Novice: 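Structure in structure tokens, see below.
Please read all numbers here as calculations on a predicted model, not as lab measurements. Numbers here are sequence positions counted from 1.
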Amino acid sequence: MAREKIRIKKIDNITARQVTFSKRRRGIFKKADELSVLCDADVALIIFSATGKLFEFSSSRMRDILGRYSLHASNINKLMDPPSTHLQLENCNLSRLSKEVEDKTKQLRKLRGEDLDGLNFEELQRLEKLLESGLSRVSEKKGECVMSQISSLEKRGSELVDENKRLRDKLETLERAKLITFKEALETESVTTNVSSYDSGAPLEDDSDTSLKLGLPYWE
């Protein structure tokens, strides 16, 4: 037998309305818990009865879920709201900066000698003075750079001179040391030669006496 479909409308009987509220509340809380477990979802339900009594269910901390909801609703409202005063101010600043860039670009082209058509005599004269002033500053800066380079080269030259002198002194010291060593070697060799000559040419005193004794006749 088919189940009779209940017409959805307000229940006039207060007792029947209260019983239906209790049954349906428990059922919706059960469904919310099942949805949270099956789908790993954060679920929060807030119900106020006709008498103003509060009933609530949450799969986690109610405060955390409500905080996430408030943040999400705030972001949606920002996207749906018309441009704020801050955004309008940013647009105004962007327009102003774009105009300044355009003006500076035109001025730069004129300084390059471009787009001069339409300028009157006074404007051309002001442009000429501006170029002369800029050229003077460029020449001054170039002179400073040249002087800086000269100073750097002079400093480097002085360092090279000092380095050259240090190497020359070191070379002279080495040469003197070699010369002294050579002289000492020569002196040592000369002394050794003289000693050898003396030892080989000098007669022995004992040998001379023996020869004299053997040459004399024997007398009784």
Side-chain angles (χ1 to χ4, degrees), residues 71 75 78 84-220:
L71 180 61
N75 292 334
K78 288 181 179 179
S84 62
T85 305
H86 180 69
L87 182 58
Q88 293 176 355
L89 180 60
E90 288 185 350
N91 291 334
C92 182
N93 290 335
L94 180 60
S95 299
R96 179 177 56 82
L97 291 175
S98 299
K99 183 65 168 57
E100 290 182 0
V101 170
E102 183 180 358
D103 293 341
K104 293 298 182 182
T105 302
K106 290 181 179 179
Q107 184 178 5
L108 181 60
R109 291 178 62 86
K110 290 177 182 178
L111 291 174
R112 291 175 177 175
E114 304 173 359
D115 296 340
L116 299 180
D117 296 338
L119 297 180
N120 56 32
F121 178 78
E122 294 180 354
E123 291 174 341
L124 292 172
Q125 194 173 19
R126 284 197 299 269
L127 181 61
E128 183 182 11
K129 290 182 179 180
L130 183 62
L131 289 172
E132 290 176 352
S133 177
L135 181 60
S136 176
R137 289 194 296 269
V138 170
S139 299
E140 182 179 354
K141 187 63 178 179
K142 184 177 70 174
E144 292 177 357
C145 291
V146 171
M147 294 302 297
S148 177
Q149 292 178 358
I150 291 175
S151 177
S152 178
L153 291 174
E154 289 178 347
K155 181 179 179 181
R156 180 58 180 165
S158 177
E159 292 176 352
L160 290 176
V161 170
D162 294 339
E163 181 69 14
N164 190 25
K165 184 178 182 301
R166 185 182 66 82
L167 292 175
R168 188 184 299 109
D169 293 341
K170 185 176 181 180
L171 181 61
E172 290 177 356
T173 302
L174 292 175
E175 292 294 337
R176 284 196 297 269
K178 289 181 179 179
L179 182 60
I180 293 173
T181 302
F182 181 71
K183 288 181 178 180
E184 290 177 350
L186 289 178
E187 292 176 355
T188 302
E189 183 178 0
S190 176
V191 170
T192 303
T193 303
N194 292 334
V195 170
S196 299
S197 299
Y198 177 78
D199 291 341
S200 60
L204 294 176
E205 183 178 356
D206 294 340
D207 294 342
S208 177
D209 293 340
T210 301
S211 300
L212 291 175
K213 289 179 181 180
L214 292 175
L216 292 173
Y218 178 75
W219 299 93
E220 291 184 357

Novice: Can you tell me if Ser136 uses its side chain to pair, donor with acceptor, with the backbone of Glu132 under 3.5 Å?
Specialist: no

Novice: Starting at CG of Leu131, measure out to CG of Leu124 and round the result to the nearest 0.5 Å.
Specialist: 10.5 Å

Novice: Checking salt bridge (charged side-chain N to carboxylate O under 4.0 Å, His left out) for the pair Asp162/Arg166: CA distance, chi angles, key distance, verdict?
Specialist: CA-CA 6 Å; Asp162 294 339; Arg166 185 182 66 82; over 6 Å; no

Novice: Distance from Cys145 atom SG to Ile150 atom CD1, nearest 0.5 Å?
Specialist: 11.5 Å

Novice: Here's a test for you: under side-chain contact (heavy atoms from CB on, under 4.5 Å), which of Met147, Lys142, Glu140 qualifies with Glu144?
Specialist: Glu140

Novice: So, taking the atom named CG in Leu174 and the one named CG in Leu179, what distance separates them when rounded to the nearest 0.5 Å?
Specialist: 12.5 Å

Novice: Using a strict threshold of under 4.0 Å (side-chain N to carboxylate O), is an ion pair present between Asp103 and Lys99?
Specialist: yes

Novice: Under a 4.5 Å cut-off applied to non-hydrogen side-chain atoms, are Glu123 and Leu127 in contact?
Specialist: no

Novice: Looking at CZ of Arg126 and CZ of Phe121, how far apart are the two atoms once the value is rounded to the nearest 0.5 Å?
Specialist: 11.0 Å

Novice: Got a salt bridge between Arg96 and Glu100, using NZ or NE/NH1/NH2 to carboxylate O under 4.0 Å?
Specialist: yes

Novice: If you count every heavy atom of other residues, nucleotides or ligands that lies below 6.0 Å from Glu163 atom CD, does the total exceed 12?
Specialist: yes

Novice: Answer yes or no: is there a donor N or O on one side and an acceptor on the other, between the side chain of Ser133 and the main chain of Lys129, under 3.5 Å?
Specialist: no

Novice: Is there a donor-acceptor contact under 3.5 Å from the side chain of Glu184 to the main chain of Thr181?
Specialist: no

Novice: Under 3.5 Å, is there a donor-acceptor pair between the side chain of Ser158 and the main chain of Glu154?
Specialist: no

Novice: Does Glu159 come within less than 4.0 Å of Arg156, counting only side-chain N to carboxylate O?
Specialist: yes

